[in-house]
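Here is how names work: the chains are called A, B, and so on, in the same order as the sequence lines, proteins then strands, and each is numbered from 1.
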Protein chains: 2
Amino acid sequence: MRSEGADPGTVRPGGRTARVRESVLQAAGDALAEHGFAHLDLADIARRAEVGKTTVYRRWGTVNGLVADLLLDMAEQSLPRTETGSLLGDLQANARLVQRTLADPRQGALFKAVIAAATCEAKTAEALHRFYDTRVKEWAPCVQQAIDRGEVPEGTDVHEVIRAVSAPLFYRLLTTGDCLDEASADQAAEAAAAAACAGAYVLGG
Amino acid sequence: MRSEGADPGTVRPGGRTARVRESVLQAAGDALAEHGFAHLDLADIARRAEVGKTTVYRRWGTVNGLVADLLLDMAEQSLPRTETGSLLGDLQANARLVQRTLADPRQGALFKAVIAAATCEAKTAEALHRFYDTRVKEWAPCVQQAIDRGEVPEGTDVHEVIRAVSAPLFYRLLTTGDCLDEASADQAAEAAAAAACAGAYVLGG
DNA sequence: CTCATAACGGGACTCCAGTTCCGTTAACTG
DNA sequence: CAGTTAACGGAACTGGAGTCCCGTTATGAG
């Protein structure tokens, strides 16, 4: 009598179950980009996905749960780091990647929704933290290489430099109406590189 | 027969109307800090404020409307800029002010809620943009002074420098679980100052 | 002070997001 | 290929968020 088994979808994850997840996540992304997080309706998503409303509620429970799963799906598809040979070049590549993602109507809306969801649900917040932790760790080595080359002082917090690239882009997306263009991405990269070289991210400094 | 007059509260804004607004905003802030944006219930707020549920719906309509008004109220109370004589000192003062605000349980939760609300309602987003525009304009002169002193190159986008101070603090609040301490505030200020002095925020650079 | 009516408050009502029930379909096992 | 049961899907149900109605309070003008 093991208490009613695990969550649905974990025992028989193949075939139909996988198809349902895929089409529901697809529909959820579409709905988010169209209506935004607040006006998200699970029944509407079920309709779009051509899936029973009950199924959506059973497997994801709430809008937050669905958004968290969507985030997991995004984390799996995110792009690998590229290398250019210089700190500024690497940070610029990262900044432009972030900028393109946030400027894209669908992806941008999705990120906004994910952030909104994370601000009001601890579990979703944790999923978001993990997502960014992964992304930051993916790009951090380029700062370490810059330290090794002597561009950046020893003891610099490599993760913080990567965060410093994304931060102004996020801030702009959320707190201003301005569009995110390539120039703002380049500026973010340049500022982060300059601050890093000046030793602003040296630990305990 | 002027079409049903203006919004309630605009014709007789004194006495009771003002008291109702004050106690409802107070209650809304409390509820936000306690339950977060998603689980906000206007009926609960009405109960806390000892005000009729109908009144809250009539005057603010939705959770978003209420949050937007709360934002307006916050904007009126925000602190004036201080001056220390150096760019780093001024930016540090700003960074610590932001850090203290976001680290405060009540204020921090409120900001998270406001951001969440802004991501899903254009009107609320605009209120948020105005709020930040005001705050940025309040602090921008300290960068201009630094330009005049020759600390920072001519042509620097003064507003962008101020945004660069807050951005990493916001980013940290939203995307990591780490606490916002004074050290992170100082780091943000130092990074912004270093980047500004290096000319990273020169327009068209 | 008096009056007109803006704004509030209680309670009944509506409507739909979210739940429950149970029959049907199709993964996985041996 | 047959049997077990995980997972799905339709339909009826429910609770509470948001609306409506109308009587009451008290603001601001004259």
Does a salt bridge link B/Lys137 with B/Asp133, judged by any charged N lying under 4.0 Å from a carboxylate O?
yes

Using whole Å, report how far CG of A/Leu66 lies from C1' of C/dA17.
15 Å

Could you check which of C/dA27, C/dC8, D/dT19 has an atom nearest any side-chain atom of A/Arg19?
C/dA27

Given atom CG of B/Asp44 and atom C1' of D/dG18, what is their separation to the nearest angstrom?
15 Å

Under 4.0 Å between a side-chain N or O of A/Tyr57 and OP1 or OP2 of C/dG18?
yes

For B/Glu22, I'd like to know if atom CD has over 12 heavy atoms of other residues, nucleotides or ligands within 6.0 Å.
no

Could you check how far CH2 of A/Trp60 sits from P of C/dT19, rounded to whole Å?
15 Å

Which nucleotide sits closest to the side chain of B/Thr54: C/dG10, C/dC21, C/dA7?
C/dG10

Toward the 5' end of DNA chain D, which comes first, B/Val11 or B/Leu40, by nearest nucleotide?
B/Leu40

If I take atom NZ in residue A/Lys53 and atom P in nucleotide C/dA17, what distance separates them, rounded to the nearest angstrom?
7 Å

Assess whether a salt bridge exists between A/Arg21 and A/Asp69, defined as any Lys/Arg side-chain N lying under 4.0 Å from an Asp/Glu carboxylate O.
yes

Among C/dA17, D/dA26, C/dG11, which is the nearest nucleotide to the side chain of B/Arg12?
D/dA26

Is it true that, when you exclude A/Glu126 itself, more than 12 heavy atoms of the residues, nucleotides or ligands shown sit nearer than 6.0 Å to its CD?
no

Is the shortest side-chain N/O distance from B/Arg59 to OP1 or OP2 of C/dC8 below 4.0 Å?
yes

Rounded to whole Å, please give me the gap between CZ in A/Arg47 and C1' in C/dC16.
11 Å

For A/Glu50 and D/dG10, give me the distance from atom CD to atom P, rounded to whole Å.
11 Å

Measure from CG on B/Asp7 to P on C/dA7 and round the result to the nearest Å.
9 Å

Between C1' on C/dG9 and CZ on B/Arg58, what's the gap in Å once rounded to a whole number?
8 Å

Let's see if you can work this out: which of D/dG18, C/dT25, D/dG10 has an atom nearest to the side-chain heavy atoms of B/Leu42?
D/dG18

Determine: side-chain N/O of A/Thr55 to OP1/OP2 of D/dG9, distance under 4.0 Å, yes or no.
yes

Would you please indicate yes or no on a ring centroid separation below 6.0 angstrom for A/Phe37 and B/Phe37?
no

